[in-house]
Amino acid sequence: MARTVPGVLAAFEHIDAACDAIQALRAQGRTDFTVYAAAHNHELEEAVGLPVSPVRLYTLFGGLTGVCAGVGMTYWMSLDWPLLVGGKPIATIPPYVVFMFELMVLLGSLSTVVGIVLLSLAKPTTGLAYDPRFSDDQIGIFVPCAGAEAASLERMFKDAGSVGVRHAA
Amino acid sequence: MATIVRDPSVPTQTHHEVTRDVVNTLGTAGRGYLLLLAGAVGLFLVGIGTFIMLLKDGLGLAGYNPPVFWSVFITTFVFWVGIGHAGTLISAILFLFRSPWRTAVYRATEAMTVFAVMTAGLFPIIHIGRQWFFYWLMPYPNQRWLWPNFKSPLVWDVFAISTYLTVSTTFLCVGLVPDVAAARDIMSGWRQKVYNIFSLGWKGTDNQWRHYSRAYLYLAALATPLVLSVHSVVSWDFAMSIIPGWHGTIFAPYFVAGAIYSGVGMVFTLLIPLRRVLKLEHMITDYHFDNLAKLTLFTGSILFYAYLMEYFVGWYSGNTFEQTTFWRRAFGPMWWGGWTMIICNAFVSQLLWFRKIRTNLTSLFIISIFINIGMWFERYVIITSSLGNDFLPFAWSQMNPTWADWGILAGSFGWFGMWFLLFARTFPVVAIQEIKEQIPYPRLRKGGH
Amino acid sequence: MSDATQPEGIDRRRFLTVLGVTGAGAAAVSGCSTAKVEKLVPYLVQSDDQIPGIPTWYASTCTECGAGCGLHVKTREARAIKLEGNPAHPVNAGKLCAHGQSALQGLYNPGRVKGPMARRDGGFTAITWDEAIALLSEKLQAAGGKLGVISGAGRGTFSDLLSAWTQAQGGRVVRYQAFDFEPVRAANQQVFGTSEIPAYDFAAARYILSFGTDFLTDFVSPVEHQRGFAESHGFNNGQMAKHVMLAPRLSLTGMNADEWIMLRPGSEAAVALAMANVILTERTGNPADANGLRTALAAWTPEKAQEASGVGAEVIRRLAREFASAQPSLAVAGGIATQHRGAIQACAAVNLLNYVAGNVGRTVKFGADLDAGDGYAALESLLQAMEKGQFAVMIVHEANPAYSLPKAGGFAASFAKVPFKVSTSLYFDETSHLCDLLLPGQHALERWDDLRPRRGVTGLLQPVMEPVFPTLPTGDLLLRTAQKLGGALAALSAPSYEAHLKTQWLKTLGTDEAWRSALQHGGVYGDTPVTSVKLAATAANVAYTAPVFDGDAGIDAFFFAPVPSVMGDGRFANRPWMLELPDPVTKITWHSWVEMHPETARRIDVREGEIVQLTSPNGTLSVPVYITPAIHPEVLAVPLGMGHTAFGDFATGRGVNALDLLDGKDGQGFLPYQSARVTLTRTREFKKVAKTEGTTRQLGRGIADAMTLAQARAGMTPALARKAEGHEVEEINTDREVEAIEGFRASQLEKRNIGPYAAEGLPMWGMVIDLSRCTGCSSCVTACYAENNIPWVGEEAILKGREMTWMRIERYWEGGEDGDPLEARVVPMLCQHCDNAPCEPVCPVYAAYHTPDGLNGQVYNRCVGTRYCGNNCPYKVRYFNWSAYNKKAFPEPLNLGLNPDVTVRARGVMEKCTFCVQRIRGAQNTARLEDRALRDDDVVTACAQACPSNAITFGNMNDPASRVTQAQQSSRGYHILEDLNVRPAVTYLAKVLHRSEG
Amino acid sequence: MRKLAFLGVGSLLLALGALAIDSPTPAAQAAQSAADTLPAWKLAAGDSGSLKGPRQPIFFRHDIHVGVNKMPCQYCHSSVAESSEPGIPTMASCMGCHLIIGGSDSSHKVEIKKLRDAWNAKQPIEWIRVHSVARHAHFPHMRHIKALGPNACQSCHGDVARMPQVFKVNNINNMGFCITCHLERKINRDCTACHY
């Protein structure tokens with residue numbers, strides 16, 4: 001168990017309240033807070049206002065690699081030991097398109113998954129205070145901080161309409 | 001929060017209820033479930049036994065009767081691949097179309113996809129003459145320097161099926177992560193430990209959701225062409241040949257439509273009992289079945305059209321071989337099969353024009369059984385009747401399946417059922433997080449933005 | 001060609017295992033390399049003519065029927081592995097029928113008697129040869145001349161020795177062949193005053209008239225007849241003979257007739273006499289003495305013949321005129337299919353017909369004195385003597401009377417009256433089961449012997465290998481008993497039969513060199529003399545009286561026709577190759593059937609496969625029905641040669657014995673096979689008929705194409721001919737499309753010329769099959785089985801259509817409905833080695849691919865068995881090993897006959913015709929060693945080699961001078977399913993029909 | 001998830017394929033193997049067990065016959081140049097020499113006696129087979145001798161002249177072994193050249 005990050009954890013049941021709180025945090029110029037939610041929600045996303053995920057680049061890269069692998073494999077293997085079948089040319093595009101496509105989809109999707117993992121790891125969640133109800137029906141906001149700041153944040157969350165605030169130390 | 005006229009796609013429960021109801025399905029199993037599971041495992045063992053006999057004595061045990069070189073095994077292979085398609089269609093394509101009714105059912109159907117394709121994947125191996133050399137169909141480095149023939153539709157198959165299996169499995173697992181996390185937070189004891197592992201440390205933070213939702217979108221985008229391609233490739237196993245009755249340009253769309261049709265049929269067969277067993281009536285509602293039924297009707301009608309076209313082209317081509325083949329398909333020794341397929345698929349699906357039938361689960365269930373039978377026969381007829389009477393009349397013949405054929409067929413159902421049942425008890429068969437996505441959070445200040 | 005001199009000391013044919021791969025018929029099983037320890041066993045002394053890995057050929061003579069064809073026996077590592085015809089032999093000129101080739105399976109038959117045995121308390125117990133000979137001698141001693149011998153041996157030194165041996169003891173010997181030609185001989189006696197069987201010169205005949213005689217299958221000298229028939233009846237620059245068959249049932253010969261005239265059984269004589277009459281009255285310039293017959297024949301008007309035979313008088317007149325105007329012509333009668341009680345009359349009438357048409361001496365050549373046994377009459381008298389208990393010892397040699405005589409004749413009962421019965425049969429057949437002492441002789445390929453099938457031709461037999469089992473040549477048996485008995489037998493003092501034979505030969509040959517060259521050539525062949533014959537006084541007495549049939553006529557009675565099939569007189573029924581070889585007419589394998597006309601079937605409402613009971617005064621048979629248009633509605637035909645009660649596991653209990661419905665007794669000196677009427681009762685039980693045919697009609701698909709003589713002469717292509725006939729022709733590709741296809745093909749050809757395919761001067765193997773010569777005799781099929789280690793699969797597998805015949809003969813019926821004549825079309829169907837082979841691209845592992853020399857290669861050890869190639873082959877010539885046939889089909893010692901150059905295919909792989917690639921590679925190896933290019937005649941496929949009618953030509957299509965390229969030029973050439981654009985390497989030349997104009 | 005694994009390979013095939021293909025040349029193998037089997041004059045049959053390769057019924061010394069006495073291979077394997085099978089010497093040809101040659105060393109005398117006894121008993125000796133090509137592959141020896149000359153034997157069988165007891169130097173059952181050579185020499189690689 002990694003050491004816990006000291007900070008304030010607020011729970012919300014109402015979406016608008018949570019969004020207000022996030023707005024307030026951002027107004028203070030904070031970006032280090034973490035928002036928990038059980039489902040993907042656009043209002044929250046807008047409130048947090050992070051840029052679009054770069055995961056699509058992984059997809060693109062994987063897809064392209066797949067197509068190249070498809071071309072290379074089929075052509076090289078046909079020409080490595082030329083065998084004539086049905087009077088067709090030894091190496092020929094149309095049937096090989098299938099492989100280019102399949103490998104594109106395959107590597108594309110695999111690298112996408114790799115993308116999620118790597119990108120999520122970039123911002124680790126270990127040690128951040130968490131509450132099981134966040135995966136149920138509550139929205140949580142955690143802000144790493146300490147001392148007086150913590151108290152002010154708690155007040156701010158309460159005002160915004162938090163149903164409960166906890167201090168993690 | 002009920003409204004006067006509510007949108008049926010929006011669940012009536014609160015977030016909390018959703019979590020509770022779904023996670024409750026993961027409790028310890030009841031007797032009915034165990035009986036079903038036992039049955040499935042039993043059938044699977046029958047299949048294993050038969051396969052061992054096949055390994056020992058050779059394919060001669062099955063009912064092959066040259067020139068019918070392919071029969072029940074390939075039929076069942078195509079059948080299961082087809083079943084798979086409905087799942088990916090609902091989970092991926094309808095996701096892109098943002099159709100609201102998919103959320104409640106897609107998890108179950110997607111699981112169905114994975115297990116169906118898993119089942120199908122076994123058949124090319126069972127079917128070949130020297131099963132122990134199946135890996136020769138794959139391009140692996142070897143001291144002989146021999147590579148597979150990429151012009152062969154069968155090698156296309158190998159790639160298409162394995163890609164499909166991989167991608168749909170990935171898609172399923174990715175979708176599961178947040179739900180498993182939810183289960184983890186409720187469960188206790190060993191189950192919690194298990195889910196803890198599967199949830200890959202999911203906390204549902206803003207950052208995770210940000211990448212996750214995007215990635216999911218791209219996975220869906222990749223899976224979509226895959227659905228259409230896989231069964232096209234399967235159909236080319238036949239269309240690429242020169243056999244009258246197989247050699248048709250219509251085959252790809254025809255097979256894809258058929259696949260989805262049969263898949264949705266199987267969805268009915270699985271979901272109608274499942275929702276009873278798992279007490280999910282209020283989540284998977286008539287509204288969902290109604291929409292599934294409309295999908296069935298749509299694909300069924302495409303199939304109807306395809307059948308008509310097949311016969312029409314057979315006649316219109318002026319090609320004596322085509323004409324004979326289709327004449328004999330309808331009035332030859334295989335007439336019973338030909339008509340079973342037309343009635344079960346083309347005609348029965350048309351009953352779904354009636355709202356009463358669409359919304360009555362009993363009738364839907366019965367129809368779904370017809371669909372399953374009909375679609376199996378469609379493949380059986382297309383394969384054996386076309387092979388049985390092609391170019392040289394002297395070589396014509398018909399085949400009759402033997403115990404070995406039926407044994408393997410039964411085994412495949414057992415294998416599929418086993419996995420599906422195990423899944424249904426172990427993982428959330430309804431996508432918690434996506435349902436919640438549809439349920440608006442409560443607000444302090446009414447109105448909202 | 002090696003001779004038979006022996007390196008001193010050691011027997012040059014020591015039975016040795018050499019070199020795992022090639023030796024011991026070691027079945028090279030594909031797919032697995034074995035880990036088990038292999039042993040190498042060296043020769044003690046290597047004979048000068050045995051080099052491991054290189055075949056040694058011996059010249060010998062075939063003893064499967066009386067014709068005495070010459071053999072070349074291919075041996076590898078001292079095993080006989082293939083039989084081919086001896087090109088130098090006057091009878092068969094290098095060709096061989098299916099029966100002759102199946103002798104190998106007679107040699108390696110598991111059902112052979114594996115050594116001398118004596119009957120002790122019921123069962124047989126093995127004894128030593130010394131004991132056996134002692135026992136026999138003692139019994140002979142005691143018999144004191146009360147000795148009888150039934151011998152099936154052909155005429156030669158052995159038969160001389162046998163009669164000398166028997167007569168010296170005061171015994172009687174009868175040479176007996178089940179299928180004899182006694183009616184022919186009797187008729188010749190009556191008409192020409194000589195009882196010999198003439199040689200029929202089919203090659204010279206311009207018009208062939210067969211009165212039910214199946215001369216291509218079972219009559220006198222089938223291979224010779226077929227060679228001649230193909231010469232005259234095959235289309236050869238504008239010329240071909242016409243062949244008319246008058247018979248109640250279409251035999252293989254009938255299938256090759258340009259005209260089939262269905263006549264009522266037993267009425268041949270009436271028609272023949274009427275025709276002779278017509279010729280005599282209408283035609284001048286008949287042979288002088290023939291005119292003497294005018295008065296005798298005047299009574300036999302065509303009208304009279306019409307009511308007897310049901311053949312229209314006008315037809316008879318027309319045939320007579322055609323027959324007389326085509327010179328020389330040839331009419332044949334006799335043979336089992338017409339052996340009814342009027343057979344002598346029929347043959348005599350046909351003799352007259354030939355005589356008045358002036359064919360005697362031109363196509364009917366007396367003087368050959370073909371080998372015929374002592375005849376049925378002699379046998380009958382022997383049996384009566386046996387019945388009276390006049391024999392103390394009876395020896396049966398190479399004959400199986402207990403089977404081949406009708407049970408009603410009571411052979412078994414009277415045979416039982418003989419105290420001591422001896423059989424020298426190689427197999428446990430019905431007769432040997434009745435015997436007290438079994439002294440198995442040696443197979444023709446294991447022993448020394450000779451045959452005199454006709455004047456001027458003497459064939460030698462030499463051992464090509466060590467005996468498979470410790471058996472003793474019957475010749476040696478006779479000599480050794482002679483030495484034991486002494487007395488009158490003392491004269492027979494040769495140390496061994498080999499020595500005896502050599503001395504006999506040296507009497508005529510003189511020198512050792514001559515003897516050696518005789519061995520090398522397989523015998524001594526001179527010209528066969530032709531003696532002229534005159535009409536005998538009795539010729540004028542020839543008349544027609546309706547023959548008597550047992551059983552009463554009536555609406556529900558049928559003529560019962562036991563017909564010769566693949567099994568001959570039953571002697572081939574223990575050979576899997578023969579059991580699996582589809583009957584050329586019905587395409588049925590492994591069991592008996594009854595042929596029935598569709599009308600009859602409709603009338604009594606039976607369907608194919610229903611088991612019916614046929615009842616005659618003499619017995620009852622239960623056989624499944626096969627419905628065929630090729631038979632007279634009043635006739636039911638059942639094949640002969642099956643229903644053995646003994647004779648090895650393959651034959652025993654298979655099918656029924658048609659003889660059970662006959663009674664053996666008859667005053668005329670021959671066994672009247674066609675002499676019973678039967679009634680039919682339905683059992684409503686069914687048995688799926690194990691036939692290899694799917695549908696009997698080709699549905700206008702132009703698979704087996706044919707054209708009229710006029711069209712052929714006009715140089716029409718089959719397509720044009722079909723247009724001319726008014727058939728609408730499938731034109732899937734218009735000219736522009738064809739052009740496009742050609743253009744596309746050109747570009748493809750460029751793209752594929754890389755790697756080995758770019759090499760210069762590659763051959764392109766191809767084949768031409770002339771359907772105007774092919775008779776459908778299926779000799780090629782057996783040749784293919786022998787050459788390529790093709791496994792037989794058995795009845796159960798055939799019922800599932802799983803036969804493995806790389807080469808199959810497809811038989812289609814044409815016409816036969818609403819008036820137009822019934823016609824049979826046969827197509828030998830084998831892998832077409834297509835240039836654009838559909839089977840190749842679909843194979844995921846390149847097991848099916850195209851070789852640089854134009855073959856459609858099939859690599860067994862790469863095949864995983866997806867069977868897609870089988871589906872995609874439009875000719876359906878790919879065969880799959882559904883079970884481990886390679887294990888089942890070659891039980892000891894049949895595996896000794898395997899060809900070591902061909903991989904035996906394992907379970908789960910696809911196989912097919914390879915154009916005998918092993919022969920191609922072999923020839924290439926030889927050519928390479930001799931630093932020369934391949935010659936046109938270097939490679940001959942097994943089927944082409946065997947084909948008695950020379951219908952198949954094989955060679956390099958890239959060589960403009962090769963025979964195959966020449967043959968392809970013919971306007972009759974076409975490809976089956978040409979519209980598929982698969983570009984087969986096999987070209988068929990359309991059949992030509994010689995129909996009467998108007 | 002075997003298929004998944006395979007597909008991983010699939011994308012890297014070009015590299016892997018190249019790796020798999022380069023296997024050591026037969027000559028190299030032969031040389032290396034010869035090094036560890038230097039001929040020792042006195043070797044009793046007892047020692048043969050410790051040597052590589054199967055133990056033969058008679059401890060026949062190729063190293064002495066070929067290496068020391070310089071007998072050409074074809075003296076015994078006489079049909080190798082004309083037939084697909086090299087043939088193994090007949091007992092008679094063994095006796096041709098060993099009628100006179102009884103062996104100088106006691107260990108040799110023993111073995112030669114075995115031969116003579118077998119000959120007198122007219123009993124062929126059952127040698128253990130060392131090299132055998134899979135039965136679905138046809139290997140015409142004469143073509144190879146024709147192309148490579150009478151002393152080409154060792155390119156497959158290794159330096160027999162230095163083997164007291166013959167053992168397998170090259171895995172002649174690996175198709176790759178044949179192909180390497182055919183590729184180097186630019187010789188026909190058509191499947192039906194060997195498989196039919």
Side-chain angles (χ1 to χ4, degrees), chain A residues 13-18 34-41 43-45 48 50 52-53 55-56 58-59 63 73-74 77-78 80-81 83 85-86 88 92 95-96 98-99 101-103 105-106 108-110 112-113 115-117 119-120 122-123 125-126 128 130 132-137 139 161, chain B residues 14-16 19 139 145-153 156 159-160 162-163 166-167 170-171 174 178 181-182 184-186 200-215 218-219 221-223 225-226 229 233 432-437 439-445 448-449:
Chain A
E13 274 174 355
H14 305 87
I15 183 76
D16 46 1
T34 308
V35 180
Y36 300 100
H40 180 234
N41 181 299
E43 285 182 58
L44 282 174
E45 208 172 34
V48 177
L50 287 170
V52 178
S53 158
V55 72
R56 49 186 159 176
Y58 286 80
T59 318
M73 180 180 71
T74 49
M77 286 181 185
S78 316
D80 177 51
W81 188 319
L83 285 169
V85 288
K88 296 173 165 45
T92 166
Y96 297 172
V98 176
F99 300 91
F101 171 79
E102 298 293 345
L103 288 181
V105 173
L106 183 76
S109 50
L110 288 180
T112 311
V113 177
I116 310 175
V117 177
L119 291 169
S120 311
K123 203 171 172 208
T125 60
T126 45
L128 305 184
Y130 173 77
R133 291 204 64 173
F134 297 156
S135 67
D136 181 3
D137 59 350
I139 303 167
Chain B
T14 66
H15 285 148
H16 179 64
T19 326
W145 309 7
L146 297 174
W147 308 114
N149 170 11
F150 294 109
K151 297 186 193 76
S152 165
W156 306 353
F159 275 75
S162 39
T163 306
T166 321
V167 172
T170 324
F171 200 39
V174 169
R184 169 199 64 197
D185 292 345
I186 291 176
L200 307 170
W202 179 269
K203 291 269 177 56
T205 66
D206 48 20
N207 185 50
Q208 285 172 331
W209 277 119
R210 167 177 163 233
H211 302 306
Y212 179 90
S213 49
R214 271 283 151 184
Y218 290 120
L219 283 179
L222 281 171
L226 192 60
S229 78
V233 169
I432 302 173
Q433 43 111 346
E434 288 206 37
I435 300 244
K436 287 180 182 168
E437 206 174 321
I439 306 171
Y441 278 96
R443 297 176 175 281
L444 276 177
R445 296 170 287 283
H449 73 263

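Just so we're on the same page: letters track the sequence lines, and every chain starts at 1.
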### Task
Please assess B/V167 against A/V105 for the test side chain to side chain contact (heavy atoms under 4.5 Å, CB included), listing each intermediate value before the final yes or no.
CA-CA 8 Å; B/V167 172; A/V105 173; 3.9 Å; yes
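- With a 4.5 Å cut-off on non-hydrogen atoms, B/A181 touches chain A through its backbone but not through its side chain.
- Salt bridge B/R443/A/E43: present, at least one basic N to carboxylate O contact under 4.0 Å.
- Results of the side chain to side chain contact (heavy atoms under 4.5 Å, CB included) test with B/R210 over A/L119, A/V55, A/L50 single out A/L50 as the only residue that passes.
- Between B/Q433 and A/A39, the shortest heavy-atom contact is O-CB, 3.4 Å.
- Both the backbone and the side chain of A/S109 come within less than 4.5 Å of a heavy atom in chain B.
- Atoms OG1 and CG, from A/T112 and B/L219 in turn, are 5.0 Å apart once rounded to the nearest 0.5 Å.
- Between B/H211 and A/V52, the closest side-chain pair of non-hydrogen atoms is not below 4.5 Å.
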### Task
With side-chain hydrogen bond (donor to acceptor under 3.5 Å, both in side chains) as the test, would you mind laying out the steps for B/Y441 and A/D137 before giving the verdict?
CA-CA 8 Å; B/Y441 278 96; A/D137 59 350; over 6 Å; no
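- The closest side-chain heavy-atom distance from B/W209 to A/N41 is not below 4.5 Å.
- Residues passing the salt bridge (Lys or Arg N to Asp or Glu O under 4.0 Å) test with B/E434, sequence neighbours excluded: B/R102.
- Rounding to the nearest 0.5 angstrom, the gap separating the CZ atom in A/R56 from the CZ atom in B/R214 is 6.0 Å.
- Here the shortest heavy-atom pairing between B/D185 and A/S135 reads OD2-OG, 2.5 Å.
- Remark: the backbone N or O of A/Y96 is not paired with any side-chain donor or acceptor of B/K151 at under 3.5 angstrom.
- Ranked by non-hydrogen atom pairs under 4.5 Å with chain B, the options A/Y130, A/Y58, A/W81 are led by A/Y130.
- Of the two parts of A/F101, only the side chain, counted from C-beta on, holds a non-hydrogen atom closer than 4.5 Å to a non-hydrogen atom of chain B.
- Partners of B/Y218 under the side-chain hydrogen bond (donor to acceptor under 3.5 Å, both in side chains) rule, at least two apart in sequence or in another chain, do not exist in this structure.
- Taking 4.5 Å as the limit, every side-chain heavy atom of B/F159 sits out of range of all side-chain heavy atoms of A/V98.
- Looking at A/Y36, the atoms closer than 4.5 Å to chain B (heavy atoms on both sides) sit in the backbone and in the side chain alike.
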### Task
Mind running side-chain hydrogen bond (donor to acceptor under 3.5 Å, both in side chains) on B/W147 and A/D80 for me, showing each step along the way?
CA-CA 9 Å; B/W147 308 114; A/D80 177 51; 2.9 Å; yes
